[in-house]
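So the structure is just underneath, and the comments pick up after that.
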Amino acid sequence: MAFTCWLSRLRSSYSKTITNLRTSFFHHLRTQGANTTAMTSPYHFSKQNPFRFTCSKSLLPITLAGSLAIHFQSPPPLCDASLDSPGIGGKGSTEFVVKGSQKHLPQELIEELKAICQDNMSMDYDERYFHGKPQHSFHKAVNIPDVVVFPRSEEEVSNIVKSCDKHKVPIVPYGGATSIEGHTLSPHGGVCIDMSLMQNVKALHVEDMDVVVEPGIGWMELNEYLEPYGLFFPLDPGPGATIGGMCATRCSGSLAVRYGTMRDNVISLKVVLPNGDVVKTASRARKSAAGYDLTRLVIGSEGTLGVITEVTLRLQKIPQHSVVAMCNFPTIKDAADVAIATMLSGIQVSRVELMDEVQVRAINIANDKNLPEFPTLMFEFIGTEAYAREQTLIVQKIISEHRGSDFVFEEDPEAKKELWKIRKEALWACFAMEPKYEAMISDVCVPLSHLAELISRSKKELDASPLVCAVIAHAGDGNFHTVILFDPNQEDHRREAERLNHFMVHSALSMEGTCTGEHGVGTGKMKYLEKELGVEALKTMKRIKNALDPNNIMNPGKLIPPHVCF
């Protein structure tokens, strides 16, 4: 009876959409204390078992002749204000397993995907599980994709997206699977679009120093292709990363201190929007003031606004000569102070990398090395042979003024390559210390003047922790990572890892820094965004998302905290 009276009061607003009616209905149930968790799970209901309610025609205008049946099979809601309390992505979240709901995949969609992809699709459980569990991340989700497709062209991507949008089925774009914040999880099931078959170099313009590529090509493979032309692409994230994923997460790497991040090295993109339309974001000109900067909008959007199908990249000349130098320090603060002093000296270093003694120990264990186990800085200087050596000597003087020792440098190409190889594989080296553990990785970044304070403050907390923690930093631009090794099956380990991560993030935010310098948000960093950016910025992001993706099919549940509404 109470429900009948409530619905009668809605007669005057019958022109509102069914979506608004649904929202009001569930709000009423919640205010009456009803448990609506199962009801509001948008993909929980199949065609055979839909949740429905019917209303007598006497309660609704005659234009809705007969009874009204409402089937709740919409995609994940863009906003859930009930998640203002702790939950995945909500403020104060400590959950590791991303919850979601899943509906039965329509057979019509499966047939459409088969027609588009031919043999390049899979519904095999092992394949779906592999794509639903990030390879280098402790993040998990309650569901895995229902189907994995491997498009070979932009046209196929567009057709796949159109079909998914028509059936309101979630899409998760998938690149090299090296992201560590849950970007490729499929908590609502749906379709995983693996871009690995799209890895062609479409055009190389040597005189313009740019290249047009498909998103599935890896940055390492691209540089092998470019080397004979004396060119290279300067961003160097983890091994295995692909260009499309690098755009999606706005990544950088050790060379960002000289060449900038992905934001600075992408000239133009082609993107399949959530309705299947293909948009080109810019021309190939090195600079343009024409319209909104759609390229930068998509870079860092983490697959929530569209699927990247083509990337035009800015290239650099391979340096004529380079020198790699290493030195040790008694404390990590001394090492950070030298990194800051080097940047302030005006020397244009191409890399300034910092490792604490724990990370060096991990490298020794994993690579059978015998490096001194002290806080260590690694530099790279490039240019002519004379210029690179001049920079080396200037930095050596700075080091001597900050209690540095054991200064060594390498010019042999193979020796330099080996040094950077062990640095790039630092994460895997950490697992040599605790092979059965997983890693929670911080990614804070602060203005350079605050780096030494943040690292030294964090290091005190890390050293006092019972967990094994290693520090690695891109010290030249204020970005540092902590690898916190923990057993996810032990509650005390989980809580301690989360406590350390919270400490570093909130310390960075208090210094006008960010919770993520290069890894992106995914599911793992959503809980920090409101404090960092403010709710109005998040509402603006949500409006953009809603305008481009009204059905919320593109990588739902990522990047924007679910409690943010507008």
Side-chain angles (χ1 to χ4, degrees), residues 131-132 134-137 139 145 149 151 154 157 160-161 170-186 190-199 213-219 222 233 235-253 256 260-274 278-282 293-313 443 514-526 529 541 544-545 548-549 552-560:
H131 283 78
Q135 299 171 36
H136 310 298
S137 171
H139 295 286
V149 295
E154 181 178 271
V157 174
I160 291 166
V161 173
I171 291 170
V172 177
Y174 189 94
T178 60
S179 59
I180 58 177
E181 291 295 351
H183 297 89
T184 58
L185 293 175
S186 296
V191 177
C192 174
I193 304 182
D194 186 319
M195 305 298 287
S196 59
L197 297 184
M198 294 180 62
Q199 50 182 283
V213 300
E214 291 182 323
I217 190 169
W219 67 271
L222 176 59
F233 180 63
L235 271 72
D236 60 339
T242 61
I243 296 299
M246 291 163 66
C247 290
T249 56
R250 201 190 302 137
C251 81
S252 51
T261 71
M262 205 68 184
R263 176 185 62 190
D264 308 300
N265 288 277
V266 175
I267 298 172
S268 177
L269 297 168
K270 289 185 77 174
V271 184
V272 174
L273 298 178
V278 180
V279 61
K280 185 175 182 180
T281 62
D293 194 342
L294 298 180
T295 307
R296 302 303 176 272
L297 175 63
V298 174
I299 294 174
S301 63
E302 301 185 7
T304 62
L305 301 181
V307 182
I308 296 169
T309 54
E310 182 182 288
V311 188
T312 303
L313 298 168
D443 180 37
T514 178
C515 65
T516 175
E518 60 182 5
H519 292 166
V521 176
T523 61
K525 293 290 194 294
M526 283 195 294
L529 291 194
M541 294 182 194
I544 294 171
K545 166 74 169 170
L548 292 177
D549 184 17
N552 195 27
I553 64 168
M554 295 303 310
N555 212 5
K558 315 291 173 61
L559 187 63
I560 304 174

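Below, all heavy atoms of this structure are taken into account, side chains as well, without hydrogens, waters or symmetry copies. Given the structure is predicted, the values throughout are model-derived calculations rather than measurements.
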Test item: Leu235 and Trp219 side chains (from C-beta on) under 4.5 Å apart, heavy atoms: no
Name of the residue among Pro134, Cys192, Pro145 meeting side chain to side chain contact (heavy atoms under 4.5 Å, CB included) with Thr184: Pro134
Within 6.0 Å of CZ in Arg263, more than 12 heavy atoms from elsewhere: no
With sequence neighbours excluded, residues passing side-chain hydrogen bond (donor to acceptor under 3.5 Å, both in side chains) with Ser268: none
Donor-acceptor pair, side chain of Ser179 and main chain of Glu181, under 3.5 angstrom: no
Thr295 side chain to Thr281 side chain, donor-acceptor N/O pair below 3.5 angstrom: yes
Exercise: identify the closest heavy-atom pair between Met554 and Pro274: CG-CG, 3.5 Å
Check: Asn555 side chain, Glu302 main-chain N or O, donor-acceptor pair, under 3.5 Å: yes
Thr261 to Cys251 - nearest heavy-atom pair and separation: CB-O, 3.7 Å
Donor-acceptor pair, side chain of Glu518 and main chain of Gly253, under 3.5 angstrom: yes
Smallest separation among heavy atoms of Arg296 and Asp293, with atom names: CG-OD2, 2.9 Å
Return all side-chain donor-acceptor pairs below 3.5 angstrom for residues 305-313, not counting sequence neighbours, or 'none' if the list is empty.
residue, atom, partner, partner atom, Å
Thr309, OG1, Glu154, OE1, 2.9
Thr309, OG1, Lys270, O, 3.2
Glu310, OE1, Lys202, NZ, 2.7

Where Ile180 and His139 come nearest, the two heavy atoms and their spacing: O-CD2, 3.3 Å
Min side-chain heavy-atom separation Thr242-Met195 under 4.5 Å: no
Glu214 (side chain) donor-acceptor with Gln199 (main chain) under 3.5 angstrom: yes
Polar side-chain atom of Lys545 near backbone of Asn552 as donor-acceptor pair, under 3.5 Å: no
Evaluation steps, side-chain contact (heavy atoms from CB on, under 4.5 Å), between Met262 and Ile243: CA-CA 9 Å; Met262 205 68 184; Ile243 296 299; 4.2 Å; yes
CG-NZ distance between Leu559 and Lys525, expressed to the nearest 0.5 angstrom: 13.0 Å
Over all atoms of both residues, closest heavy-atom pair of Gly520 and Asp443: N-OD2, 4.3 Å
Check: Cys247 and Val298 side chains under 4.5 Å, non-hydrogen atoms: no
Euclidean distance, Leu273 CG relative to Leu548 CG, rounded to 0.5 Å: 6.5 Å
Ile560 vs Thr304 side-chain heavy atoms within contact, under 4.5 Å: no
Side chain to side chain, Leu185 and Lys558, heavy atoms closer than 4.5 Å: yes
Close side-chain approach of Ile299 and Leu269, heavy atoms under 4.5 Å: yes
Residue pair Thr178 / Pro237, side-chain heavy-atom distance below 4.5 Å: no
